Amino acid sequence: MGNTVSCCVSPSGSPKLPRQADRLEDYQINTDLSDDTGPYLQHISDRELPDDLALESNPSDHARASTIFLSKSQTDVRDKRKSNHINHVSPGPLSKKYSSCSTIFIDDSTVSQPNLKSTIKCVTLAIYYHIKNRDSDRSLDIFDEKKHPLSREQVPDDYSRTDPEHKLIYRFVRTLFSAAQLTAECAIVTLVYLERLLTYAEMDICPSNWKRIVLGAILLASKVWDDQAVWNVDYCQILKDITVEDMNEMERHFLELLQFNINVPASVYAKYYFDLRSLADDNNLSFPLEPLSNERAQKLEAISRLCEDKYKDLSRAAMRRSFSADNLVGIRRSNAVLS
């Protein structure tokens, strides 16, 4: 590892980004043979795509690219608002709570500790919009529920033509998270892996494959994010009719399609969290607001004081380091003489 040859793969095995064939012509790898050096292979850093091309192709890898689920949901949101405006539909009673002089309402969900129930609702709603507003029905056999059923119940003949409702997707995901005791952060990482799979593999999530794609994303996210990951055999106890061999094969294919890229930068995680919050606002899914109690106020004040003391200590340490550097240099300062 570390040299030009060992850390690179052949150009024919490199991943292809969706619908970028014309734009990638300028970035083809030169594989001409040389009498002196043999086949020329570029280093992986030399084969990285420009920022504008990478941002457009891989929203799950770059924080500045907009998430796919949010863009797919905007069509329905605009149509719904337009219909309500034309038909003069009242928004109904306000369900959102607002703070007053006597009562302060705070959001129980933060980017570091999201609310589990609300996060799962938002993630499943994002999956619902992915299925409803998909471009086509591109899929792979490993995710086809007809060829790899999750239960012994017979799959309906029209299973590939009927879009699942949001409630059905929510119950499926909620069951897995409750049984495996997964966290809300794992749900966000699941959505990141799902969109990364759709982008890398150039496929769509549709009625025939959504359960197995979601299951594979949850399986991988739980192993990457949680310290005590759930084993594949544990999912077989939740889904009684699936085998360990099937789970292993699906996990292997999922990783290969992701090109073993399971890294989720903090900026990408934060982007998905706040985009899920925007999706909740657009669809009237409010995160729980609770009145600020005396106990909670004291905890917030203690945390604020602790952070303030920490920053003071860091500034003092920085000043000490600057003084010690001056002493090491050995420069003695004399009073300036003004004439």
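Residues: numbered from 1 along the sequence shown. Bear in mind that the values here come from a model prediction, so they are computed numbers and not experimental data.
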Rounded distance (nearest 0.5 Å) linking atom [atom1] of [X] with atom [atom2] of [Y]:
{"X": "C186", "Y": "L116", "atom1": "SG", "atom2": "CG", "answer": "10.0 Å"}
{"X": "L285", "Y": "L279", "atom1": "CG", "atom2": "CG", "answer": "7.0 Å"}
{"X": "N232", "Y": "T243", "atom1": "CG", "atom2": "OG1", "answer": "10.5 Å"}
{"X": "C206", "Y": "F143", "atom1": "SG", "atom2": "CZ", "answer": "11.0 Å"}
{"X": "Y273", "Y": "I188", "atom1": "OH", "atom2": "CD1", "answer": "7.5 Å"}
{"X": "L168", "Y": "T124", "atom1": "CG", "atom2": "OG1", "answer": "10.5 Å"}

Identify, with sequence neighbours excluded, every residue that meets side-chain contact (heavy atoms from CB on, under 4.5 Å) alongside [X].
{"X": "E145", "result": "K211"}
{"X": "K132", "result": "D76, Y128"}
{"X": "R252", "result": "E249, E256"}
{"X": "S160", "result": "S208"}

Worksheet item: Would R212 and D246 satisfy side-chain contact (heavy atoms from CB on, under 4.5 Å), going step by step from the backbone distance to the final call?
Response: CA-CA 11 Å; R212 292 182 61 85; D246 187 17; 2.9 Å; yes

Worksheet entry | Residue list, salt bridge (charged side-chain N to carboxylate O under 4.0 Å, His left out) with K147, at least two apart or on another chain |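 K147 satisfies salt bridge (charged side-chain N to carboxylate O under 4.0 Å, His left out) with D141 once adjacent residues are dropped.
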
Worksheet entry | Test applied, side chain to side chain contact (heavy atoms under 4.5 Å, CB included); reference residue, L197; option that passes from L220, I213, L140, V192 |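 Among L220, I213, L140, V192, the one that satisfies the side chain to side chain contact (heavy atoms under 4.5 Å, CB included) with L197 is I213.
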
Report whether [X] and [Y] are members of the same hydrophobic cluster (ILVMFWY, side-chain heavy atoms less than 4.5 Å apart, transitive linking).
{"X": "I218", "Y": "I131", "result": "yes"}
{"X": "V233", "Y": "F254", "result": "no"}
{"X": "V244", "Y": "I238", "result": "no"}
{"X": "I68", "Y": "V268", "result": "no"}

Worksheet item: Where do I242 and L215 land on the side-chain contact (heavy atoms from CB on, under 4.5 Å) test, with the steps shown first?
Response: CA-CA 12 Å; I242 194 172; L215 177 61; 4.1 Å; yes

For [X], what residues pass the side-chain hydrogen bond (donor to acceptor under 3.5 Å, both in side chains) criterion, not counting sequence neighbours?
{"X": "E301", "value": "R305"}
{"X": "T119", "value": "none"}
{"X": "D204", "value": "S136, R138"}

Hey, does the side chain of [X] reach the backbone of [Y] with a donor-acceptor pair shorter than 3.5 angstrom?
{"X": "S222", "Y": "L219", "value": "yes"}
{"X": "N209", "Y": "I205", "value": "no"}
{"X": "R196", "Y": "N261", "value": "yes"}
{"X": "E195", "Y": "L191", "value": "no"}
{"X": "K271", "Y": "P59", "value": "yes"}

Considering only heavy atoms from C-beta outward, does the side chain of [X] approach that of [Y] to under 4.5 Å?
{"X": "R161", "Y": "P207", "result": "no"}
{"X": "V123", "Y": "V173", "result": "no"}
{"X": "Y200", "Y": "N58", "result": "yes"}

Practice prompt. Apply the test side-chain contact (heavy atoms from CB on, under 4.5 Å) to residues L176 and F172: give CA-CA distance (whole Å), side-chain angles for both, the deciding distance (0.1 Å), then the verdict.
Written response: CA-CA 7 Å; L176 294 176; F172 178 77; 3.9 Å; yes

Worksheet entry | K72 NZ: over 12 foreign heavy atoms closer than 6.0 Å |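 Counting neighbours around NZ of K72, more than 12 heavy atoms of other residues, nucleotides or ligands fall under 6.0 Å, so yes.
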
Item to complete: Answer yes or no: does atom CG of D309 have more than 12 heavy-atom neighbours from other residues, nucleotides or ligands under 6.0 Å?
Response: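 Counting neighbours around CG of D309, more than 12 heavy atoms of other residues, nucleotides or ligands fall under 6.0 Å, so yes.
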
Worksheet item: What ring pair (Phe, Tyr, Trp, His ring centres under 6.0 Å) pairs are there with at least one residue in residues 144-167, not counting sequence neighbours?
Response: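 For residues 144-167, and leaving out neighbouring residues, there are no ring pair (Phe, Tyr, Trp, His ring centres under 6.0 Å) pairs at all.
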
Discussion item. Quick test of your reading: applying ring pair (Phe, Tyr, Trp, His ring centres under 6.0 Å), list the pairs with at least one residue in residues 218-237, sequence neighbours left out, ordered by first then second residue.
Written reply: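 Every pair satisfying ring pair (Phe, Tyr, Trp, His ring centres under 6.0 Å) with a residue in residues 218-237: W225-Y269.
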
Worksheet entry | By ring-ring contact (aromatic ring centres under 6.0 Å, His included) - contacts of F177 (at least two apart) |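 Result, ring-ring contact (aromatic ring centres under 6.0 Å, His included) vs F177: none returned.
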
Worksheet item: What pair of heavy atoms forms the shortest contact from S278 to L70, and how long is it?
Response: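 Closest heavy-atom pair between S278 and L70: CB-CD1, 4.4 Å.
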
Discussion item. Looking at every non-hydrogen atom in both residues, tell me the closest pair between D144 and K146 and how far apart they are.
Written reply: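 Closest heavy-atom pair between D144 and K146: OD1-N, 2.9 Å.
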
Worksheet item: Is there a side-chain contact (heavy atoms from CB on, under 4.5 Å) between K167 and R171 once you walk through the steps?
Response: CA-CA 6 Å; K167 293 182 179 180; R171 285 197 297 266; 4.0 Å; yes

Worksheet item: Which other residues end up in the same hydrophobic cluster as L306, if Ile, Leu, Val, Met, Phe, Trp and Tyr are linked when side-chain heavy atoms come under 4.5 Å apart?
Response: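 Once heavy-atom contacts under 4.5 Å are chained together, L306 still belongs with nothing else.
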
